[in-house]
Undergrad: 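Supplied in structure tokens, the structure appears directly below.
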Amino acid sequence: MKQLTRRSYVRRLALGGLLVAAVVAISPGIGNQASSVGVVEAWRSFARRGERPAPPIAYQIGFRLRMPRTLLALEAGITLALCGAVFQTLFRNALATPYTLGIASGGSLGALLAIRWDLAVAFLGVSAVTWSAFIGSLAVIAIVFLFTRGTRRLTTNELLLAGVTLGMFCSAMMMLVTSLSSVRQTFEIIRWMMGSLDTIGNLQWTSNLPLLVPAWIVLVAMARPLNQYVLGEDLAATRGVNVLRLQLICILFASLATAAIVAICGPIGFVGLVVPHVTALLFGRDCRILLPMSALLGGVFLAVCDWISQAAMSWAGALTGQSLGVVVLPIGVVTAVVGVPIFLVLLHRRAV
Amino acid sequence: MTDPAALLEIDSVTFGFPERPDFLHPVRLTVRTGEVWGIIGPNGAGKSTLLRLMAGLIRPKSGQIRFRGRGLDAIPPRERARRIAFLPQNPPREVALTVRQVVAMGRYPHRQLGLFESVDDLRIADRAMEATLTAEFADRTLSTLSGGEAQRVHISAALAQEPELLLLDEPTSALDLYHQLSILSKLAGLAEAGGLAVVVVTHDLNLAARYCSRLALMSAGCTVAVGNPADVLIPERLEPVYGVRMSIVRTGEGREWIMPLGPGPGGGGAA
């Protein structure tokens, strides 16, 4: 890896930005296979969006169904990959993910409780399940921060252990809630646990941007102190980095952003683990490039996985000559099927 | 009393760990610009603790540390980082960054804003790499280097920080003979040229004798002897501290040459 210069930095980020822009641009033409609206047709209809009494069907499919879904996939992928890269750096652990501190488990437990007790009230246009999941994640974050209270030095290993233990506790409680649920509720619980990019109710991808965008900016801005942190806490401290503050800021913002995604999409796996590793392999471990590139590639990865999840069954149908119907695969299945082989190959290459 | 020529004053400083509350007994010494200090003594004598106190990584239990007359605690971390550089005993080697990157990161406290090193920063980093003979592998990844090579890279980074006070914890422990001598003579030269004071924790008494202008001999949390090498490096002082019988020879250049003869009757570290 060459020294990072302004020029190479801008070029790489422009590449990532272009990929994201390309995903957004073709998103109206890809998606739900029940309709055959293509990219060109969708964009043509864009000019006629003001028609009365209603905009063309192609516009509605392309820009009211498909594009918002892709934008949600992008924002979820950006958040999970960025937080994964931050946690892997912060905990000096290649296996750290945004969920390592138990945030996803807390969120899932919250969602399960809402499903089990059939909470149907929506607040501010957001469903009770989403709120309950968010509150569950916040509770875990609060416990993690109580755990760190009063320390002048944060031992990341102890924090990891505490987080994993909290996650295990939440998982155990999830088993309890599931065992007390009806068949219908159990089905709903299992679907929720798979993760999904179906926008629930009228919840739009824009609704959590006020939380996510500041978190993205703060985390990417931590790149230079995080680079120093990689050299060790003592060295970072004598170079003027407030190590404890850096750790707490990273944990707080990464946790909140992750919680905001888990509440809407459920625990989508592998994005936060695999994408930072692939990014590091392609662009190096300098946090200045690792953090923003992980984010951009994470967004693209999840959006593409979402397209595959929508198209996979009709591809399978075309291959076998049978109609398998319009089934959207759970996004967690696709990210795992795509992500796990990549990760194993990477691990193997490192081990060789 | 504030000494006007003093860079760093350690004034009756003590320190304790939770499990050893009276670890460091009152230490008093003054580091002046242009000096190369060697802190010597057996394992567990408190050498690294003293160095970490000087770096501001830990706070004295009592007493005061002043940098240019100001309390070390009162200097904002960024400003302190521009004036004092510290290299821990075992800096990480498994770092997937290039040598040039790691050295340029020493410029961190000088650059508040902006993502990239300036042309000046890179020039200073290049010069620091030349000083430690690491420029030839500037584009290699740190994790691919040998222990001694990585140690020289970390020393370069500390030099690139352009401090007034350079604190190094066993900086030559992994270096071959040639690089031990070249690095220490470089550091001594920089100190002599002015604008820099160096404090080195070391186990190599002969290197200390050759390059240090002042020595502090520590044993069990006490500074047993502080002064010029000729006054500290005498068998009556060293033998009880190290528990080793020694013969000390004066070389033609007026330097001490310490020759360990064998373990003494008292055992290691007995003082």
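Just so it is clear: chains get the letters A, B, ... in the order the sequence lines come, proteins before strands, and each one is counted from 1. Because only heavy atoms are used, hydrogens play no part in the values below, and waters and symmetry mates are left out as well, while side chains stay in.
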Undergrad: Is there side-chain contact between A/Thr238 and B/Ile84, with heavy atoms separated by less than 4.5 Å?
TA: no
Undergrad: Evaluate the criterion salt bridge (Lys or Arg N to Asp or Glu O under 4.0 Å) for residue pair A/Arg288 and B/Glu117; output intermediate values, then yes/no.
TA: CA-CA 12 Å; A/Arg288 292 176 297 180; B/Glu117 290 80 18; 3.5 Å; yes
Undergrad: When A/Arg239 is tested against each of B/Arg107, B/Arg78, B/Met105, B/His110 for side-chain contact (heavy atoms from CB on, under 4.5 Å), which residue passes?
TA: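 Exactly one option meets the side-chain contact (heavy atoms from CB on, under 4.5 Å) with A/Arg239, and it is B/Met105.
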Undergrad: Would you say B/Tyr108 and A/Val241 make side-chain contact, with heavy atoms under 4.5 Å?
TA: yes
Undergrad: Say you draw a straight line from CG of B/Leu115 to CZ of A/Arg224; how long is it, rounded to the nearest 0.5 Å?
TA: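 Here the rounded value is 7.5 Å.
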Undergrad: Checking B/Ala138 against chain A: side chain, backbone, both or neither under 4.5 Å from a heavy atom?
TA: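 Neither part.
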Undergrad: If you count heavy-atom pairs under 4.5 Å between each of A/Pro225, A/Gly232, A/Ala221 and chain B, which one has the most?
TA: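 Sorted descending by pairs with chain B, the first entry is A/Pro225.
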Undergrad: Hey, does B/Pro91 have a side-chain heavy atom less than 4.5 Å from the side chain of A/Leu231?
TA: no
Undergrad: Is the number of heavy atoms from other residues, nucleotides or ligands within 6.0 Å of NZ (B/Lys61) greater than 12?
TA: yes
Undergrad: Name the region of B/Arg52, side chain, backbone, both or neither, that has any atom closer than 4.5 Å to a heavy atom of chain A.
TA: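 When you check distances to chain A, only side chain atoms of B/Arg52 fall under 4.5 Å.
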Undergrad: Among B/Pro77, B/Ala158, B/Gly56, B/Pro92, which residue has the highest count of heavy-atom pairs closer than 4.5 Å to chain A?
TA: B/Pro92
